[in-house]
Amino acid sequence: MRKSPSINHKFYPLFVLIGLLLIWHLITTIGLVPGFMLPSPLDVLRAFANSFPELMGHAGVSLTEAFTGLALSIMLAFVIALIMDCFEGIYKAFHPLIVISQTIPTVAIAPLLVLWLGYNMTPKITLVVLTCFFPMTIALLGGFKTSDADAVNLMRAMGARKWQIYRYIKLPNALPGFFSGLRISVSYAIVGAVIAEWLGGNSGLGVYMTRVRKSYAFDKMFAVIFLIALLSLLLIKVVDLLERKSMPWIYRLREEEKLE
Amino acid sequence: MKKIRLQTKNIGKTYAGELIIKNINITLREKELVSLLGVSGIGKSTLFNVIAGVTAPDIGQVLLDGFDITGQAGKVSYMQQKDLLQPHLKVLDNVALPLFIRRLNKSQARTEALKYFEDFGIAGTQDKYPSQLSGGMRQRAALLRTYLFSKDVALFDEPFSALDAITKRAMHRWYLALMERINMAALFITHDIDEAILLSDRIYIMTGPPGVITAEITINPPRPRADEFLVSENFLNYKRQIMKLLAL
């Protein structure tokens, strides 16, 4: 039996990753870069293990902000997409503005939000919402607008109400796009929370990062960076699983085809 | 004379300043199979949308059992060349969709729909997704969906025109046999002369533009028609007459 090519593919990036880590390790051991500026991967690992409880505490705060912001932005995305799909005038008036709003860099508004909203979770969650709602809104709206006009007409001919057209045609059609948007948004969510934390607060990965930076603890810096990357990766994986579960008509079929 | 189910009176429709169809008067009686035959782009689908209630005509009326249903969707269902089965719904739910729309309890709707799977030749497909079905099977499912919406009057807009010749022939045979069993009156829109002669009790010939009904032909041999009818002199005579009317 032939090995599935997808399994082999997964090993290539893994090899590259291991190679990069080795090179990194070599650079630090032969002293090409001073150890206090670039800690070796082992140092980072050690720092990670030593400050694990602390890291988890901060991660909990950042994840709370990220999830709250994400949940709010999902709701916001659905509401905005629905309104813009229903009312052509609102779509025409607001769609360009929303697109333009995305050219404002997150980092630039974060300080303002902190000034306005204080040092608690509110400015962080707000920033997460501001960065996350956009990819999903656009994806959902695209899905609604590209729904088969003939299918919508047929539904109408069968006497369907507006919500039934969304329920049976438009929402399912928007689902694949929504998940692509969500995948982008989850990684934005964590980064957004961390950036907002840089600028003030008592806890969270961003706050921790600022603290260890000020004490030049590079190993701990790297540990946080890797933790953030790891968390984003995990969340993307969760989105993948959700996507598989919620669109069986795409994924179950693919699996069945593979079995044949 | 059988009872008139569906009737259009003097329907006219302009689109973007251009007259598409005018003075369309057609009737569809109980259990009757009637075709509307014309070349592509003559306004058949416009008329179709008007009857289905999806678009309102500029003038004229659509009557169902004597009641004015002009511009009202949700009265007569239709089926197109595109089966319009929803990829995310299993075949059973696709077929039961008109019942879901009517807010019937889901399990009740499914039980009701499942009753007809055997009769419509799609038994065993209920738990599949539409993409797992062949073109012919998908059209059968679409027809069952249409039937579940309104059991006695339906519109068909070139439903079999996307199928290959052999599948199409099989579908014609199946369709005629089915129509004997379910007593549905159907208005069948097509540009295929053979199909129209084979499947109809009467044929309206539409020419234009703008699209007008220029002739009405009754096809006499009783249904269901044997395969020999397709190659009979009788059949060819009808075909000759229609070709002349369409100025082909």
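Heavy atoms only: backbone and side chains are in, while hydrogens, waters and symmetry mates are out. Residue numbers begin at 1 in each chain, while the letters A, B, ... track the order of the sequences.
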Contacting region of A:Asp148 [heavy-atom separation from chain B under 4.5 Å]: side chain
Turns out that what part of A:Ile250 lies under 4.5 Å from chain B's heavy atoms comes down to neither
Both conditions, 6.0 Å and 45 degrees, for the charged tip of A:Lys92 above the ring of A:Phe87: are they met here? no
Compute both the distance and the angle, then confirm whether B:Arg102 meets the cation-pi test with B:Phe149: under 6.0 Å from the six-membered ring centre, within 45 degrees of the axis. yes
Which one, A:Leu175, A:Asn153, A:Leu154, leads in non-hydrogen pairs under 4.5 Å with chain B? A:Leu154
Heavy atoms only, distances under 4.5 angstrom: which of A:Ala160, A:Gly159, A:Pro172 has the most pairs with chain B? Name it, please. A:Pro172
If I measure from the heavy atoms of chain A, does B:Ser131 come under 4.5 Å with its side chain, its backbone, both, or neither? side chain
Between B:Tyr129 and chain A, with a heavy-atom cut-off of 4.5 Å, which part of the residue counts as in contact: side chain, backbone, both or neither? side chain
What's the shortest heavy-atom distance between A:Tyr168 and B:His88, and which atoms? O-CE1, 2.8 Å
Do other residues, nucleotides or ligands put more than 12 heavy atoms under 6.0 Å from the NZ atom of B:Lys106? yes
For B:Arg103, is the CZ atom crowded, meaning more than 12 foreign heavy atoms sit under 6.0 Å from it? no
Greatest number of heavy atom pairs closer than 4.5 Å to chain A - which of B:Gln86, B:Lys90, B:Lys75: B:Gln86
Check: A:Phe144 ring centroid to A:Tyr166 ring centroid under 6.0 Å: yes
